[in-house]
Amino acid sequence: MPEHEEIRSLLSGTYINYFHCLKIVEILKGTEAATRNLFGRYSSQRMKDWQEVVSLYQSDNTYLAESGSLLVRNISYEIPALKKQMSRCEQLALESERKAEECLHGAAEQKEQYYSNCKNYGISGEDIQRELQSLVCDVPSILRQTGADAAGLLPAIQLYQACVAFVCDSSPEHVLPLLRHVQKHGDTTVYEWRVGKVPERVERNEKEVQESPKCSEDGEINWGDFEVQSTTSETNSGPEMTTGDIDWGVSLEPQAAQVDGISWDVGEEITETITVLEAGTEVPPGIARGSDALTVLENTETRNQFVDELMELELFLCQWLQSMDCDTDIVTVTQFQSAPSILQGQNREKVVAMVSAVRSLIARLTDRKMRHLFLILASPRYVDRVTDMLHQHLRQAELLEKKSEAWVERGRTARAERESLEPKVLLTQERSRELQRQIEGDLSRRYSNRPVKLMGTGL
């Protein structure tokens, strides 16, 4: 084809119909004018080929069927498919934006939960393992302070003892034994609570990490600086012991042999005796070892008993306070006429103060931070579990942030695809309108230029 801008634009489309061929022939009439003879025919093979294409189109009105088929396909399939794809891209972009926001919101919640849990543990979250271990160092001082504050529970304990002695007619010594001990002596060792006197020596079991034996280069085990001492002592006329030999203290002289050839005599009289101690858990008197070396509030069993007795005292005081708020009948007044003065001299303000003091100690030992610290004391591996649990929140937050970035990229791709489809839709609509006008013009010429209008195109 000749270098012509309009021909290049006509041939750049996805399809070429009859009307394009007519335009190409009109253009070639100008470019191929030099090949026209006296009879109005063209000797150019290019012109002959395109005129043949037009004549083939016009036979049996084939071009009308093709043009109608192209128009129907554009209206029924091409344009709706492009618009539907644009709608999907728009929907995907909106959904990606929503998903990205949800992921960012979830990441923020995970971080907020991480810092909230760190706050409950009493740490900042910068170095979880080190901060938890540093908190454990403060537990003994907290327990000592708790034991010292228990001294203020004496009025409440005396009130409970007096009530038990008056109402139940039983010995008050059996009431709250551990709580009374801590109130009087503080947070002592379990040995002092169990035996009733201060131990002479406290031996706490500290975990020691021993190094394993190292192997030398020749493959032998290095047991450390262990020297084999030589012995130069001689048995009765026996041979001299060399370095590394063992002296069993048995004479090997042939004169000591008996008739049967076996000598049971030893070289010298053994004066030392060997004492065999039976294996067991017996501890010498006055020494606190093992669980007895722990304080009452450090030991899990005694600490639980201490909390149980505090709750028992709290329930009693709450019941006593409730009975003070209720109207007393004549029977109750008559019964308490002979009660001790400590029962009759109580007022609401004193009992409320007692309840507040007891609840303060219970909350101090049972809050979430202390529970975790007690678990750390009981099992050092608990620190690793807590660290992993808290880091899980950060890992989830990081994962959600990466998902948010992926959704943002996906939405950006969908919007770019929609923007690339929009010009295609406009171009297809414009060519369909042009094809519709061409079909209407052709039909109009067939019927004496009567107006022809194609309906139902929606263009």
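The analysis underlying the following values was restricted to heavy atoms, covering all of them including side chains, and did not include hydrogens, waters or symmetry mates.
The heavy-atom pair separating A288 from P199 by the smallest distance is CB-CB, 3.9 Å. Minimum heavy-atom separation, L56 to T62: O-OG1, 4.2 Å. Of all non-hydrogen atoms in A150 and L361, the two that sit nearest each other are CA-CD1, 4.0 Å. Scanning both residues, G125 and Y114, for their nearest heavy atoms gives O-OH, 2.6 Å. Here the shortest heavy-atom pairing between T295 and V190 reads O-CG2, 3.7 Å. Between A100 and V408 the shortest heavy-atom distance is CB-CG2, 3.7 Å.
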* Would you sort out whether F306 and L297 count as a side chain to side chain contact (heavy atoms under 4.5 Å, CB included), showing the intermediate values? => CA-CA 8 Å; F306 180 77; L297 297 181; 3.6 Å; yes

* To do: Determine, step by step, whether L22 and V54 satisfy the side chain to side chain contact (heavy atoms under 4.5 Å, CB included) criterion, reporting the C-alpha distance in whole Å, the side-chain angles of both residues, the deciding distance to 0.1 Å, and the verdict.
  => CA-CA 7 Å; L22 289 179; V54 171; 3.7 Å; yes

* Begin with the C-alpha distance, continue with both residues' side-chain angles, and end with the deciding distance and a verdict on side chain to side chain contact (heavy atoms under 4.5 Å, CB included) for L321 and R348. => CA-CA 7 Å; L321 186 63; R348 178 178 176 81; 3.5 Å; yes

* **Full working for side chain to side chain contact (heavy atoms under 4.5 Å, CB included) between L71 and L454** => CA-CA 11 Å; L71 183 61; L454 296 180; 3.8 Å; yes

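At a cut-off of 3.5 Å, with distance as the only test, a side-chain donor of H105 or E109 sits close to an acceptor on the other residue. No side-chain donor-acceptor contact under 3.5 Å links Q305 and E301. With hydrogens and angles left out, the side-chain atoms of Q85 and R88 include no donor and acceptor closer than 3.5 Å. For the 3.5 Å distance criterion, the side chains of S291 and N299 fail to qualify, holding no donor opposite an acceptor. At a cut-off of 3.5 Å, with distance as the only test, no side-chain donor of N17 or R431 sits close to an acceptor on the other residue. In this structure, a donor-acceptor pair under 3.5 Å is present between the side chains of D442 and Y63. With 3.5 Å as the limit, one finds a donor-acceptor pair spanning the side chains of H372 and Y382.
Not counting sequence neighbours, Q91 has no partner by the side chain to side chain donor-acceptor pair (under 3.5 Å) test. Every residue two or more places apart in sequence or in another chain that forms a side chain to side chain donor-acceptor pair (under 3.5 Å) with Q45 is listed here: D49. In this view, Q319 and Q322 satisfy the side-chain contact (heavy atoms from CB on, under 4.5 Å) rule, not counting sequence neighbours. Residues satisfying the side chain to side chain donor-acceptor pair (under 3.5 Å) test with R450, not counting sequence neighbours, are none. R415 is linked by a side chain to side chain donor-acceptor pair (under 3.5 Å) to nothing, counting only residues two or more places apart in sequence or in another chain.
Contact check for L435 versus I439: side-chain heavy atoms found under the 4.5 Å cut-off. Contact annotation: the side chain of Y191 never approaches that of V202 to less than 4.5 Å [non-hydrogen atoms, C-beta and beyond]. Contact of the R410 side chain with the K99 side chain is not registered, since no non-hydrogen atoms from C-beta on lie closer than 4.5 Å. Using a 4.5 Å cut-off on side-chain heavy atoms (C-beta onward), M47 and Q51 make contact. Residues L143 and L365 have side chains in contact (heavy-atom distance under 4.5 Å, counting atoms from C-beta outward). Proximity of T146 to V182: side-chain heavy atoms (C-beta onward) are nowhere separated by under 4.5 Å. Side chains of H393 and Q396 form no contact here, defined as non-hydrogen atoms less than 4.5 Å apart. Within the 4.5 Å cutoff, no side-chain heavy atoms of L375 are placed close to those of R385.
The environment of N449 atom CG is dense: over 12 non-hydrogen atoms of other residues, nucleotides or ligands sit within 6.0 angstrom. Residue Q129 qualifies as enclosed at atom CD: its count of foreign heavy atoms under 6.0 Å is above 12.
In this structure, S96 contributes its side chain and L92 its backbone to a donor-acceptor pair below 3.5 Å. No donor-acceptor pair closer than 3.5 Å links the side chain of S356 to the backbone N or O of V352. Judged by distance alone, with hydrogens and angles left aside, the side-chain atoms of S134 form a donor-acceptor pair with the main-chain N or O of E131 at under 3.5 Å. Listed for the S69 side chain is no donor-acceptor partner under 3.5 Å among the backbone atoms of A65. Remark: side-chain polar atoms of S420 are paired, donor with acceptor, to backbone N or O of E417 under 3.5 angstrom.
A salt bridge links E422 to R418: at least one charged side-chain nitrogen sits closer than 4.0 Å to a carboxylate oxygen. With salt bridges taken as basic N to acidic carboxylate O contacts below 4.0 Å, one links R395 and D388. The pair R98-E102 meets the salt-bridge criterion, since a charged nitrogen lies less than 4.0 angstrom from a carboxylate oxygen. Ion pairing of E430 with R433 is present here, as a side-chain N (NZ or NE/NH1/NH2) and a carboxylate O approach within less than 4.0 Å.
Relative ring orientation between Y57 and Y18 is described as perpendicular, the plane-to-plane angle rising above 60° on a 0-90° scale split at 30° and 60°.
Under the salt bridge (Lys or Arg N to Asp or Glu O under 4.0 Å) criterion, the residue pairs touching residues 359-374 are D149-R364, E314-R359, with sequence neighbours excluded.
Residue E440 forms a side chain to side chain donor-acceptor pair (under 3.5 Å) with just one option from Q438, R437, Q436, and that option is Q436.
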